[in-house]
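Here is the structure we will look at, set down as structure tokens.
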Amino acid sequence: SLSVNGEVWLTFMCTPVDLEVMAAGFLFNEGIIQNKEQIADIRVCAAGDHVDVWLHQQAKKPEKWRRTSGCTGGVTAVDIELPDGVSDHLSLYDGAALTAEQVSDLVSQLFDVQDIYRRSGGVHTSALSDGKRILVMAEDIGRHNSLDKIAGKLLLENIETPRRILMTTGRIS
């Protein structure tokens, strides 16, 4: 579970690895925080099943979450209200391109860093790359959690992300 400023906000279904970065990334991805300076403290309880996040400011638990999980009965679609001035038709393509060989090499690197997946066969892996090598990676039973962990690592470790590629695993049914 996740508590913010002493109030329990929600329960995650997640792999008990990198819980501090997942909590920070979740709060960032949800728009609760914008930078690590807003975090006073993050602590995982001794039992490893609860994360306490203390912020330097008050924070109100959202009535609706932005995220969608789609698994274990999660919501698969929500109406997202974008901040003023932000378009819902963002163009992220800036003319950069990868060759098929570069894509194949990145996929191979993604497979190489999958430690928990190799041992369990039951987790997703997400990774951020500069097009040549993997810069940051995270594994979790939920792909959305692995993306929160990536965001948390970027936030807490002050990793700059211009022109990056985000990769994530999926399922073949």
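Numbers for residues simply follow the sequence, beginning at 1. FYI, side chains are in, hydrogens and waters are out, and symmetry mates aren't considered; it's all heavy atoms of this structure. Bear in mind the structure is a predicted one, so any value in this text is a computation, not a measurement.
For the pair R143 (side chain) and T125 (backbone), a donor-acceptor distance under 3.5 Å is absent. Judged purely by atom type and a 3.5 angstrom limit, K149 has no side-chain atom pairing as donor or acceptor with the backbone of D140. Checking side-chain atoms of S120 against main-chain N and O of I116 turns up a donor-acceptor pair under 3.5 Å. Panel note: side chain T99, backbone Q102; a donor-acceptor pair is recorded below 3.5 Å. Side chain of Q109 to main chain of K132: a donor-acceptor pair is present (N/O by atom type, distance under 3.5 Å, no hydrogens or angles). The backbone N or O of Q114 lies less than 3.5 Å from no partner atom in the side chain of R119, so there is not a single donor-acceptor pair. Panel note: side chain N35, backbone Q38; a donor-acceptor pair is recorded below 3.5 Å.
Residues D52 and I42 are not in side-chain contact: their nearest non-hydrogen atoms beyond the backbone lie 4.5 Å or more apart. The side-chain heavy atoms of L27 and E30, taken from C-beta on, include no pair separated by under 4.5 Å. A 4.5 Å side-chain heavy-atom check between M167 and L106 finds at least one atom pair inside the cut-off. Inter-residue side-chain proximity for Q57 and I33 is flagged as met; some heavy-atom pair is nearer than 4.5 Å. Taking 4.5 Å as the limit, every side-chain heavy atom of N145 sits out of range of all side-chain heavy atoms of T15.
No path of Ile, Leu, Val, Met, Phe, Trp and Tyr side chains, each step under 4.5 Å between heavy atoms, connects Y117 with M137, placing them in separate hydrophobic clusters. Residues V136 and L166 share a single hydrophobic cluster, defined by chaining ILVMFWY side chains whose heavy atoms lie under 4.5 Å apart. With hydrophobic clusters built from ILVMFWY side chains whose heavy atoms lie under 4.5 angstrom apart, L2 shares a cluster with L156. The same ILVMFWY cluster, assembled from side-chain heavy atoms under 4.5 Å apart, contains both L10 and V53. Hydrophobic clustering of Ile, Leu, Val, Met, Phe, Trp and Tyr side chains at less than 4.5 Å, counting indirect connections, keeps V113 apart from V17.
Heavy-atom minimum distance, I150 versus S126: CD1-O, 3.6 Å. When all heavy atoms of F28 and A151 are compared, the closest pair comes out as CD2-CB, 4.4 Å. The minimum heavy-atom distance linking N158 with K36 is given by the pair ND2-NZ, 3.1 Å. In terms of heavy atoms, S3 sits closest to V8 at OG-CG2, 3.4 Å. Residues L19 and C14 approach most closely at CD2-SG, 3.8 Å, considering heavy atoms. Scanning both residues, G131 and I165, for their nearest heavy atoms gives CA-CD1, 3.7 Å.
Here NZ of K61 is found 13.5 Å from CG of N5. Values are rounded to the nearest 0.5 Å. In this structure, CD1 in I159 is found 9.5 Å from CZ in R164, a value given to the nearest 0.5 Å. Between atom CG of residue N29 and atom CG of residue D148 there is a gap of 5.0 Å, rounded to the nearest 0.5 Å. The CG atom of L147 sits 12.0 Å away from atom CE of M22, with the distance rounded to the nearest 0.5 Å.
Around the CD atom of E37, the shell of radius 6.0 Å holds more than 12 heavy atoms that belong to other residues, nucleotides or ligands. Shown here is E160, whose CD atom has no more than 12 heavy atoms of other residues, nucleotides or ligands within 6.0 Å. The number of heavy atoms from other shown groups lying within 6.0 Å of CD (Q34) is above 12. Around CZ of R43, the count of heavy atoms belonging to other residues, nucleotides or ligands within 6.0 Å does not exceed 12.
Side chain to side chain, H124 and T168 fail the donor-acceptor criterion of an N or O pair below 3.5 Å.
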**Request:** Before giving the answer on side chain to side chain contact (heavy atoms under 4.5 Å, CB included), spell out for E139 and D115 the whole-Å C-alpha distance, their side-chain angles and the decisive distance to 0.1 Å.
**Result:** CA-CA 8 Å; E139 292 179 282; D115 181 53; 4.0 Å; yes
**Asked** Would V44 and H50 count as a side chain to side chain contact (heavy atoms under 4.5 Å, CB included) if you check the C-alpha gap in whole Å, the side-chain angles of each, and the deciding distance to 0.1 Å?
**Response** CA-CA 6 Å; V44 177; H50 185 84; over 6 Å; no
